[in-house]
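Notes for the one structure printed next.
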Amino acid sequence: MTITGTAPQLSDRVLAELTDALGGEYVLTSKTARYNRARVPAPFPVHRWRERVPDLVVLPGSAEQVAEVVRIANAHRIPIVPRDGGTGLTDGAVPERRGIVVDVKRLDDIKEIDLDNRTCTVGTGINMLKLNEVLGAHGLIYPDDPASYPCSLVGGRIGTSGWSLVGSRFGHTRDLVLSFELVLPTGKLIRVGDGGGRKVSKSSSGYQLKHLFMGHQGTLGIATEATLKLYPKPEAEFSPFWAFPDFDSAYRCVGELARAGVATFAGAVLFDEWKVDYLRRDDEAYIPQPADVRALVCAVAYGNDDEVRAGGRRLLRIARDAGARYLGDEISHGDWAARHDRYATPLHGRTPAGQVAPMSWHCEDAAINYTNLPAVRREWHSIVARLRDKHPIFDDWGMFFYTSADTGVDYLTEIDVGIWEQELDDAAWAAWVDAKRDIAAVALNHGGSISACHGSCREGEVDLVPLELGGGYDVMLQVKRALDPNNIMNPGKYGLQRAYEEAP
Amino acid sequence: MSAYRFEEQHTPPPARQVTDVAVERFEHIFEVDPKLMTVHVAQQLFPNWDTLRIAASRGDHLEWMHRHWAAEAVSGQKLLDELDAGDGDR
Ligand SMILES: Cc1cc2nc3c(=O)[nH]c(=O)nc-3n(C[C@H](O)[C@H](O)[C@H](O)COP(=O)(O)OP(=O)(O)OC[C@H]3O[C@@H](n4cnc5c(N)ncnc54)[C@H](O)[C@@H]3O)c2cc1C
């Protein structure tokens, strides 16, 4: 079977079926509704925007309505793309082949808060910040904390298998979502978790399907409801920031902090010289720092007050012995609070002449082991330097390395690149795609994974996903074809069209 | 309360050069040096009260975020002072 090309313009019949299922108010065909759901914050070739626009947008109000939309799409072989907050950075929620965008934001209800078992059950259109405002009244928190905390939503966290700023303490989305309900590409509604129970955190029964249906970027179904693990709202937060005269001592310090086994430790971050230079251009906290500040480390701890203080003393002692200079409470508190919401990143860069130019932020991320961070850093900066030499519309905004676990085994490794989107043309875009591929190749050469956080669906990096996953990629193709026989669910992503073109 | 004077609001205090790329007009509010914003970006006319409002509301937002995540933000300086005094080495 070969399914290629774009969807046919949706017929009146399809429109009528969708309107019957949802009510006309929730079937949107206007240009604004469609164009607004044709992009995400990651820079893209603006001159090709039109290629990504869906034929229409639906806003279902229940799992049954989602299932009905999927059944209609499957019957008519129309591509369908799930979309939640639209903050994903790998174009997951952007249609590649037109069709229907299923915006799940109306599924935003809190269905249950179970105080005794410490869980809540919510619609997947809810945002974590909004949920935590309600949970806070019960002394509870759902600690899934991406740097897009105020605007990404639970379903998108499932769709990307998101990474959390406090994941070294509380786990990431895959650990915090106990189970969820999803609509398969054929329209069937199922629930997946660890085993069968809705609120079970560990089961050995059957295949562990929860992981399969997490991070698939909307290619295997649409999550409609999720049951989440809750923690006591922390009594105390501790977030020291330290300065270092060079990268190497900061690197040694972050490793020691992460390996210290402090129970309240929620994460540690290392910022390199390029990042410090970038911060000095615009960031209130760093502009006045002395010139000998060349690298930064921050740590964060959450929990009961006495435990945070005890752990905090140990972290401070480790940093002091590693030659760190404490940056003071004001910077430490302010900078940490700002990390929950990186939309505040200044959206401008510099031309080689030093002039300010409007630029959008793009980050390339990977999962890299501690011992390989210095080598990856060197290679990534030289890739971006070569790119900027040829195309000055790109700007290196520095790198950071952020613990993913409580043992310091691997780090979310990110290089931030400013891109002057309005100046992008086909040649610059092609150079960018090549650079992205090179960046992903470095991660793989050093035994890492192409993405710790955002997914690896974009042009460039996506070419290397079969290499990363090896035989596992063939299993992905088989699973895709088995669950989505007509390739309607977010077609084109992850190169999965191959499942329909060749015998996997 | 002081009266609103258009002229006064549109005359920013003199800029102090803080680094080769940044200036400071109001205490702790750093701005990109206007010399760097002459070719590719146009500068907006900004009344003084609006600059101060934006900075203050950012401060409010960060305060709110601390309270949202935990009852208290522990002072690193205090813990460090204890450590340096030898009380925290247990
Ligand atoms: C400033 C900024 C900071 C960020 N920081 C982080 C970070 O620290 N950690 C991190 O992990 N990410 C981060 N991201 C990326 C992004 O916020 C995450 O990937 C987030 O999980 C996406 O959620 P969303 O609700 O916006 O999903 P969307 O962008 O709408 O969708 C993301 C993917 O999930 C699929 N999807 C959406 N809803 C569903 C559903 N109900 N069922 C199945 N699939 C679905 C979509 O098809 C798409 O493939 C950041 C983004 C920005 C802009």
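This one's a predicted model, so the numbers in the text were calculated from it and none came from an experiment. Note on naming: letters A, B, ... go to the chains in the order of the sequence lines (proteins, then strands), and numbering restarts at 1 for each one.
- Looking at B/His28, only its backbone comes within 4.5 Å of chain A, counting heavy atoms on both sides.
- Ring pair B/His40/A/Trp420 is perpendicular by interplanar angle, where above 60° counts as perpendicular and below 30° as parallel.
- Heavy atoms closer than 4.5 Å to chain B are found in both the backbone and the side chain of A/Leu129.
- Shown here for B/Phe30 and A/Ile287, the closest heavy-atom pair between the two residues is CB-CD1, 3.6 Å.
- Residue contact with chain A, scored on non-hydrogen atoms closer than 4.5 Å, involves the backbone and the side chain of B/Ser75 alike.
- Interface remark: A/Asn132 contributes backbone and side-chain atoms alike to the contact with chain B (heavy atom separation under 4.5 Å).
- For A/Ile141, the part lying near chain B is the side chain, with the backbone staying farther off; criterion is any non-hydrogen pair under 4.5 Å.
- Two residues are said to be in side-chain contact when any heavy atoms from C-beta on lie closer than 4.5 Å; A/Arg280 and B/Val21 fail this criterion.
- Using a 4.0 Å cut-off between charged nitrogen and carboxylate oxygen, B/Asp84 and A/Arg320 count as a salt-bridge pair.
- A/Gln355 contributes a side-chain N or O that, together with a main-chain N or O of B/Val39, makes up a donor-acceptor pair within less than 3.5 Å.
- If you measure heavy-atom distances from B/Val18 to chain A, the contacts under 4.5 Å come from the side chain alone.
- Of the listed residues B/Glu63, B/His61, B/Glu31, B/His68, the one with more heavy-atom pairs under 4.5 angstrom with chain A than any other is B/His68.
- A ring pair (Phe, Tyr, Trp, His ring centres under 6.0 Å) with B/Trp69 is found for one member of A/Trp336, A/Tyr142, A/Tyr149 and no other, namely A/Tyr149.
- In this structure, B/His66 contributes its side chain and A/His333 its backbone to a donor-acceptor pair below 3.5 Å.
- Within the 4.5 Å cutoff, the side chain of B/Glu72 has heavy atoms near those of the A/Asp305 side chain.
- For chain B, the nearby parts of A/Pro358 are the backbone and the side chain; heavy atoms of each come within less than 4.5 Å.
- With a 4.5 Å cut-off on side-chain heavy atoms, A/Val356 and B/Gln43 do not count as touching.
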